[in-house]
K.L.:
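To start, I am sharing the structure in question, which I have written as structure tokens.
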Number of protein chains: 2
Amino acid sequence: MSVNQENSLSSADAIARALRAEIWQGILKSGQPLRQDELAGRFGVSKIPLREALFQLKAEGLVAFYPNRGAVVAELSPDEVEEIYFMRIALEDAALRRAIPKLTVADLLRGEQILADLDQEQNIGRWSDLNWEFHATLYAPAKMPRLMEWIKTLHNNIGRYLITYLAGMDYQRASQAEHRQILEACRRGDIQAASGHLQTHLRLASEQLVAFLSQRR
Amino acid sequence: MSVNQENSLSSADAIARALRAEIWQGILKSGQPLRQDELAGRFGVSKIPLREALFQLKAEGLVAFYPNRGAVVAELSPDEVEEIYFMRIALEDAALRRAIPKLTVADLLRGEQILADLDQEQNIGRWSDLNWEFHATLYAPAKMPRLMEWIKTLHNNIGRYLITYLAGMDYQRASQAEHRQILEACRRGDIQAASGHLQTHLRLASEQLVAFLSQRR
DNA sequence: TCTCCTGAAATCGTATACATTATTGGGATT
DNA sequence: AATCCCAATAATGTATACGATTTCAGGAGA
């Protein structure tokens with residue numbers, strides 16, 4: 001959630017990045033306890049930077065702390081997933097509306113290129129990265145760095161669930177069709193249409209993920 | 001930004017709360033360096049919980065870290081204030097829209113009571129608390145705890161600037177008129193009107209605060 | 001079977017030491 | 001006099017060791 005940490009590569013930041021990736025890839029599963037001594041040993045650091053890394057991840061919502069019992073990988077209930085999507089819709093819609101008038105031809109071409117790459121991508125992790133890049137490309141001209149950080153945080157929270165979900169379904173095809181509708185509306189400068197397509201895009205993803213998590217329960 | 005820490009009263013949380021209050025009240029001013037040893041001594045704790053408190057405040061945007069130079073009370077540029085208000089509008093509008101259909105008579109009465117208290121309140125700190133309570137009362141029925149946390153975080157970021165600004169102006173009267181318009185629209189269940197009044201309310205506050213900070217520069 | 005107790009394990013916090021990085025202030029040089 | 005360099009200082013960032021507290025599991029006893 002921080003904005004200005006420059007190129008800080010403190011131990012805590014490095015560990016947070018590593019843990020974030022592991023949570024994201026599902027190596028560390030939801031609900032799994034994160035033992036401080038074990039992790040400190042694994043990364044070859046003391047408990048101080050490790051705890052600070054966990055605090056950072058707690059702020060991002062990826063880790064939950066239970067007093068005197070330590071940290072676990074945060075688990076999201078279907079309700080929480082729905083809430084996060086609700087927030088994503090509010091923030092991403094606002095970002096997109098502000099960005100559309102400032103979109104350049106280069107931005108649109110970049111979006112198109114990313115969609116083409118998405119069509120080719122088989123690896124789910126990279127697919128999800130590209131998916132974020134597409135969205136970020138459309139929001140970036142709004143020139144609101146904090147807003148982008150917050151949206152990315154929300155995105156990261158859902159990402160790990162989305163990945164396990166995507167593995168079994170052909171969600172990607174539908175998603176790509178929606179992406180193209182959004183991009184097309186952006187090209188026309190049609191804010192209302194782009195906003196509508198984006199909201200549909202996120203709402204459908206939300207509904208499918210919530211349904212998936214509910215039945216998995 | 002955390003959601004579930006129960007009633008955790010760890011040292012770090014207690015210190016974070018104390019520092020938050022001091023920043024908020026202007027005892028710790030923007031840009032002021034936060035020396036770890038000094039603060040640790042002042043609170044009678046070691047550096048570990050103190051650093052964790054600073055990390056927590058960093059996540060909330062109240063503190064900025066400069067690598068190897070420590071922490072300072074975060075400073076907001078006019079652009080950043082505008083951005084935060086932009087995010088507030090997006091999130092609070094969404095919250096209000098979802099809450100209005102669920103508002104009970106008790107909620108509306110509570111809002112009315114808070115407005116009456118606001119009319120009487122002279123102390124700026126308490127006025128700001130009540131101001132938040134009013135907004136929170138209207139959003140709470142949306143039953144979205146994370147959303148509420150995020151809105152509160154944004155609110156806290158601007159609060160300390162708003163307080164110094166309010167001190168010199170009679171912003172409160174205009175604000176109260178807008179509050180009453182919002183509440184009235186909520187009573188009628190008129191989502192569009194309530195949304196419009198809320199957006200105006202926040203936009204006007206944003207414009208005045210940005211103008212104030214720009215000329216103070 | 002239920003309750004209570006005990007002990008292991010983990011967290012939380014303190015104290016201390018040390019390496020690294022910034023900062024500063026006083027010369028030395030131009 | 002102004003600038004640059006450099007050493008002294010100060011603060012951060014991290015490691016290590018230790019003690020206190022809490023949680024939790026499992027066994028003893030009724």
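Each chain gets a letter, A, B and so on, in the order the sequences are listed, and its residues count up from 1.
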K.L.:
Consider only side-chain N and O atoms of Gln176(B) and Asp119(B), and report whether a donor and an acceptor are under 3.5 Å apart.
P.N.:
yes
K.L.:
Output the single nucleotide from dG13(D), dT14(C), dC12(C) whose closest atom is nearest the side chain of Arg51(A).
P.N.:
dC12(C)
K.L.:
How many Å lie between CD on Glu38(B) and P on dA10(D), as a whole number?
P.N.:
15 Å
K.L.:
Counting heavy atoms from C-beta on, name the nucleotide in dA15(D), dC12(C), dT23(C) closest to the side chain of Val45(A).
P.N.:
dA15(D)
K.L.:
Within this structure, what is the CG-to-P distance between Leu54(B) and dT12(D), rounded to whole angstrom?
P.N.:
9 Å
K.L.:
Scan Ser46(B) against the nucleic acid and name what it touches under 4.0 Å (heavy atoms): base, sugar-phosphate only, or nothing.
P.N.:
base
K.L.:
Would Asp13(A) and Gln56(A) count as a side-chain hydrogen bond (donor to acceptor under 3.5 Å, both in side chains) if you check the C-alpha gap in whole Å, the side-chain angles of each, and the deciding distance to 0.1 Å?
P.N.:
CA-CA 8 Å; Asp13(A) 288 321; Gln56(A) 208 164 314; 3.1 Å; yes
K.L.:
From the options dA15(D), dG13(C), dT11(C), select the nucleotide whose nearest atom is closest to the side chain of Pro49(B).
P.N.:
dG13(C)
K.L.:
Any idea which of dT11(C), dT23(D), dT14(D) is nearest the Arg35(A) side chain?
P.N.:
dT11(C)
K.L.:
dA10(C) phosphate, OP1 or OP2: any side-chain N/O from Gln36(A) under 4.0 angstrom?
P.N.:
no
K.L.:
Between dT14(D), dG13(C), dT23(C), which nucleotide has the shortest distance from any of its atoms to the side chain of Arg69(B)?
P.N.:
dT23(C)
K.L.:
Using the benzene-type ring in the case of Trp, are the ring centres of Tyr161(A) and Phe212(A) under 6.0 Å apart?
P.N.:
no
K.L.:
Tell me which nucleotide among dA15(D), dT14(C), dC12(C) gets nearest to the side chain of Ile48(B).
P.N.:
dT14(C)
K.L.:
Considering residues, nucleotides and ligands other than Lys102(B), do more than 12 of their heavy atoms fall under 6.0 Å from its NZ?
P.N.:
yes
K.L.:
Whether Ser11(A) contacts dT14(D) is assessed here as follows: a side-chain N or O lying under 4.0 Å from the phosphate OP1 or OP2. Is that the case?
P.N.:
yes
K.L.:
Send over the distance from Asn68(A) CG to dG13(C) C1', rounded to a whole Å.
P.N.:
11 Å
K.L.:
Applying a 4.0 Å non-hydrogen cut-off, can you work out what Leu34(A) is touching in the nucleic acid: base, sugar-phosphate, or nothing?
P.N.:
sugar-phosphate
K.L.:
In whole Å, what is the span from the NZ atom of Lys47(B) to the P atom of dG13(D)?
P.N.:
9 Å
K.L.:
Is there a side-chain contact between Thr104(A) and Pro141(A), using heavy atoms and a 4.5 Å cut-off?
P.N.:
no
K.L.:
Taking for each residue the nucleotide of DNA chain D with the nearest heavy atom, is it Gly44(A) or Gly70(B) whose nucleotide lies nearer the 5' end?
P.N.:
Gly70(B)
K.L.:
Please give, in whole Å, the distance from dA15(D) C1' to Asp37(A) CG?
P.N.:
13 Å
K.L.:
Whole-Å distance between dA15(D) P and Leu50(A) CG?
P.N.:
10 Å
